[in-house]
Number of protein chains: 2
Amino acid sequence: MPGLVHVVDDDASFRTAIERRLKLAGYDVVTYASAQDFLNAALDDEQPGCILLDVRIPGLSGPELQNRLIASGSTLPIIFLTGHADTPTTVQAIKAGAEDFLTKPVSSELLLDAIARALARQDAARSHRGRLEAFRAHLATLTQRERQVFDLIVRGRINKQIAYELGTTERTVKAHRHQVMEKMQVHSLAELVSIAERLGMLDSNGG
Amino acid sequence: MPGLVHVVDDDASFRTAIERRLKLAGYDVVTYASAQDFLNAALDDEQPGCILLDVRIPGLSGPELQNRLIASGSTLPIIFLTGHADTPTTVQAIKAGAEDFLTKPVSSELLLDAIARALARQDAARSHRGRLEAFRAHLATLTQRERQVFDLIVRGRINKQIAYELGTTERTVKAHRHQVMEKMQVHSLAELVSIAERLGMLDSNGG
DNA sequence: CTTCATATTGTCCTTTGGGGCAGTGACACG
DNA sequence: CGTGTCACTGCCCCAAAGGACAATATGAAG
């Protein structure tokens with residue numbers, strides 16, 4: 001699994017050394033001397049890659065950068081790599097979704113394992129999001145009215161009830177329903193409900 | 001949030017002290033001198049509670065007990081509380097789902113916070129499981145044939161196709177379909193699909 | 001052998017879903 | 001004012017789902 005590893009560490013000699021090791025393993029590497037440098041790079045979240053992040057760095061700390069990235073919706077997996085690991089920081093980092101928390105010096109085996117896991121996880125998450133994104137895109141093309149009909153359809157209402165609830169006629173609901181199926185590119189009610197469920201639109205049902 | 005805290009630690013004086021502190025905070029407490037003692041107690045997984053677990057104890061270690069419990073399907077939340085935390089153990093414990101990883105001596109504030117979070121999480125998980133359990137129970141009452149029909153229905157097949165795939169007639173499928181709706185206690189296809197999706201039966205669709 | 005659960009199937013009828021064809025009305029944009 | 005989108009609707013027809021009523025067949029259990 002190829003990928004781009006972002007190394008964020010204030011220790012220049014460490015950056016050089018780790019870059020050499022990672023390139024030997026076949027990875028592309030970019031290094032940053034601070035969290036701010038990384039943020040300024042304005043990265044593509046979709047590209048295969050991960051972050052190798054020191055905890056104690058001047059300016060924004062590693063965990064602070066992690067929080068920023070999470071808040072901004074980034075899904076780049078993070079591997080912490082630090083010389084001084086204290087338990088609360090470790091716990092917090094993992095709870096926040098870090099792929100791993102390693103201590104310097106790190107064996108190449110542990111490091112490369114962690115990177116491989118991070119890239120695999122990102123890949124799985126990306127393809128999962130990709131499928132949902134297609135549905136979200138289709139959903140966005142629905143008009144207000146079509147969206148209302150959609151919501152009632154996937155909750156099990158029949159056309160007659162939908163017509164009543166929207167103050168219109170069954171024939172009109174049928175027309176909208178047709179548009180919904182067309183725009184969502186599905187061929188059965190089951191598919192439509194399945195999508196709605198995956199998009200988290202049915203968490204509290206009114207069936 | 002009341003609950004039963006299971007304290008597993010080989011240090012008798014620690015057990016006595018922590019039991020006193022937790023009872024003062026309003027919790028019920030049971031103590032165990034070893035992981036094996038805890039396993040022998042054969043607990044009710046559904047009762048509100050959590051485990052306060054030492055890492056290094058004679059016999060089964062804390063993480064080993066955690067693995068056993070996970071393998072046996074237990075959902076009791078675990079809070080590790082240990083005197084010597086090393087990073088890999090900490091990371092592994094949290095990744096495996098431990099609620100927290102604390103070090104002795106622990107402030108009452110941190111400890112009680114962790115316990116409260118653990119109980120809240122267990123409660124949420126239990127109520128979530130509870131809803132699904134009802135569906136699983138209904139699902140279990142389906143005969144083989146009804147289950148086959150169920151699987152095809154929620155994948156969007158129409159009766160004619162189901163009949164063909166099962167080598168029977170449309171009328172027979174209707175009969176089974178009726179039984180499925182009856183036994184699953186739903187009134188619409190949408191509800192049925194929604195349930196199937198929540199039970200993870202539609203992860204790779206064939207729609 | 002009787003009883004029960006399961007699976008099967010037919011006929012007939014009603015309700016729903018789906019869609020073709022055609023037309024109306026509102027509203028925005030240029 | 002012409003054009004386009006969106007919402008709405010009637011008539012008619014076909015396909016699919018749902019169910020009432022009735023019946024056959026098979027295998028396990030007692």
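In what follows, chains carry the letters A, B, and so on, assigned in the order in which the sequence lines appear, proteins first and then strands, with residues in each chain numbered from 1.
- Straight-line distance from the CD atom of Q161(A) to the P atom of dT16(C): 9 Å, rounded to whole Å.
- Nucleotide dT6(C) holds its C1' atom 8 Å from the NE2 atom of H176(B), rounded to whole Å.
- Separating the CD atom of E170(B) from the C1' atom of dC12(C) is a distance of 14 Å, rounded to the nearest angstrom.
- Looking only at side-chain heavy atoms (C-beta outward), L52(A) and F80(A) stay at 4.5 Å or farther from each other.
- The NZ-C1' distance, from K174(B) to dT16(C), rounds to 12 Å in whole Å.
- For the pair R171(B) and dT11(C), the criterion of a side-chain N or O lying under 4.0 Å from OP1 or OP2 is not met.
- Phosphate proximity of dA17(D) to N159(B): present, with a side-chain N or O under 4.0 Å from OP1 or OP2.
- For the pair F150(A) and I153(A), the minimum side-chain heavy-atom distance is 4.5 Å or more.
- Counting to the nearest Å, the C1' atom of dA17(D) and the CD atom of E182(B) are 16 Å from each other.
- For K160(A) and dT16(C), the shortest distance from a side-chain N or O to OP1 or OP2 is below 4.0 Å.
- The shortest non-hydrogen separation linking A190(A) to V193(B) is O-CG1, 3.4 Å.
- Here the side chains of L39(B) and L60(B) are in contact, with some heavy-atom distance below 4.5 Å.
- Distances shorter than 4.0 Å separate none of the side-chain N or O atoms of H178(B) from OP1 or OP2 on dG18(D).
- Distance from the side chain of T168(A) is smallest for dT9(D) among the nucleotides dG18(C), dT9(D), dG18(D).
- Side-chain atoms of T75(B) and R126(B), non-hydrogen and from C-beta on, never get closer than 4.5 Å to each other.
- Rounding to whole angstrom units, CZ of residue R177(B) and P of dT16(C) are separated by 15 Å.
- Side-chain contact between F101(A) and T87(B) is present, with heavy atoms from C-beta onward closer than 4.5 Å.
- In this entry the distance linking NE2 of H187(A) with P of dA15(D) reads 19 Å, nearest Å.
- In this structure, D45(A) and L76(A) have side chains that are in contact, with non-hydrogen atoms separated by less than 4.5 Å.
- Base engagement by T172(A) is indicated by at least one non-hydrogen atom pair under 4.0 Å involving a base atom.
- Separating the CD atom of Q179(A) from the C1' atom of dG17(C) is a distance of 16 Å, rounded to the nearest angstrom.
- Non-hydrogen atoms lying under 4.0 Å from DNA chain C are contributed by nothing in residues 136-151 of chain A.
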